[in-house]
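These notes are about the structure you will find just below.
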Number of protein chains: 2
Amino acid sequence: MTTATSSRELAHPERDEIRLEAVLHALSDPMRLQVVRELAEAQGELSCSYFDLPVTKSTTTHHFRVLRESGVIRQVYRGTAKMNGLRREDLAALFPGLLDSVLDAAARQERRLTGS
Amino acid sequence: MTTATSSRELAHPERDEIRLEAVLHALSDPMRLQVVRELAEAQGELSCSYFDLPVTKSTTTHHFRVLRESGVIRQVYRGTAKMNGLRREDLAALFPGLLDSVLDAAARQERRLTGS
DNA sequence: CTCGTAGTACGGTGAGTATCGTACGAAGCA
DNA sequence: TGCTTCGTACGATACTCACCGTACTACGAG
């Protein structure tokens, strides 16, 4: 059934199961916010191992799971890799403008704190 | 100095000390999000006791402190009451559109879940 | 000065979570 | 059939946090 990129299936919330509080909580962690920003820039899917986070593999797995279970990203297995993509359409339908303003806010803050 | 509504002064982060992650974390709690929504509707200052939260006074104090220390609200003493107001200007300057899209998202979610 | 109201401070509890290390599983390659 | 890479599962730890109750302070009214 479905599309079958692989055997292993991952549990994702349906669009109407996504909760604002969970999304905000997922984005309130600096490491996860950074992941989301890079996914937004990449305009496509990135594997978990693409990200060079300053934590161990198990902690990385944990953060990606929080993002997936809150409905922020979609994860699929592709061979040994696990690809991650932003759920832009679902988020835009539920919370128009929210993701973009968070991404913009993060970019502004980074410019403010590090850049000139 | 300053304006002197009372003796007791409360510590607030300066505008440039406000962090996006802290704001998102503050807003990710259902009770605090509800408080912020009511403050936004009220278009002014509301006392802590205006809110009839389903928790004790000490927990209420805790939530208002999280909102204040994250930079979402400003609190001043007025007699025995403590008035709360959204820091709209500061938030709009730092993160344009963020507060509005969160408020809009919260309203949409409420309509989706409870209303028709 | 006394009393009531509004809110704080403090200590504690239980749940969640960010982190790690080690051991394991799944897919691809030689 | 191994070996390697990518990621998971599980257990442990330390920290944060939402919540409570009790005792307390600050202000205003009588």
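Letters A, B, ... are given to chains in the order of the sequence lines, protein chains preceding strands, and every chain is numbered from 1.
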* Looking only at atom types and distance, does a side-chain atom of B:H12 sit under 3.5 Å from a main-chain N or O of B:L10, one as donor and one as acceptor? ->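 Checked: pair present.
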For the pair made of [atom1] in [X] and [atom2] in [N], what is the distance, rounded to whole Å?
X     : N      : atom1 : atom2 : result
B:F51 : C:dG7  : CZ    : P     : 10 Å
A:N84 : D:dC6  : CG    : C1'   : 12 Å
A:E21 : D:dC17 : CD    : P     : 18 Å
A:M83 : D:dC6  : CE    : P     : 12 Å
A:E9  : D:dG7  : CD    : C1'   : 16 Å
A:Y77 : C:dG25 : OH    : P     : 14 Å
A:L53 : D:dC6  : CG    : P     : 14 Å
B:Q75 : C:dA6  : CD    : P     : 16 Å

* Same hydrophobic cluster for B:L94 and A:L24, using side-chain heavy-atom links shorter than 4.5 Å among ILVMFWY? ->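 Looking at the clustering, A:L24 is in the same group as B:L94.
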* Distance-only donor-acceptor check, side chains B:S28 and A:S28, under 3.5 Å ->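 No, no side-chain donor-acceptor pair sits under 3.5 Å.
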* Asked: Are a donor atom and an acceptor atom from the side chains of A:T59 and A:T56 found within less than 3.5 Å of each other?
  ->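 Indeed, the side chains of A:T59 and A:T56 share at least one donor-acceptor pair under 3.5 Å.
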First locate atom [atom1] of [X], then atom [atom2] of [Y], and finally report the distance between them rounded to the nearest 0.5 Å.
X     : Y     : atom1 : atom2 : answer
A:N84 : A:L67 : CG    : CG    : 8.5 Å
A:D52 : A:S49 : CG    : OG    : 10.0 Å
A:R32 : A:L39 : CZ    : CG    : 13.5 Å

* With the side chain counted from C-beta on, respond yes when B:E21 and A:Q109 share a heavy-atom pair under 4.5 Å apart, and no when they do not. =>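 Yes, side chains in contact.
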* Asked: In residues 24-50 of chain B, which ones come under 4.0 Å of DNA chain D, going by heavy atoms?
  ->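 When residues 24-50 of chain B is checked for heavy atoms under 4.0 Å from DNA chain D, the hits, listed by number, are B:H25, B:D29, B:M31, B:R32.
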* Asked: Quick one, which residues of residues 54-66 of chain B touch DNA chain D with a heavy atom under 4.0 Å?
  ->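 Those residues are B:V55, B:T56, B:S58, B:T59, B:H62, B:H63.
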* **Residue of the set B:R65, B:R68, B:E45, B:M83 for which side chain to side chain contact (heavy atoms under 4.5 Å, CB included) holds with B:Q75** =>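 Among B:R65, B:R68, B:E45, B:M83, the one that satisfies the side chain to side chain contact (heavy atoms under 4.5 Å, CB included) with B:Q75 is B:R68.
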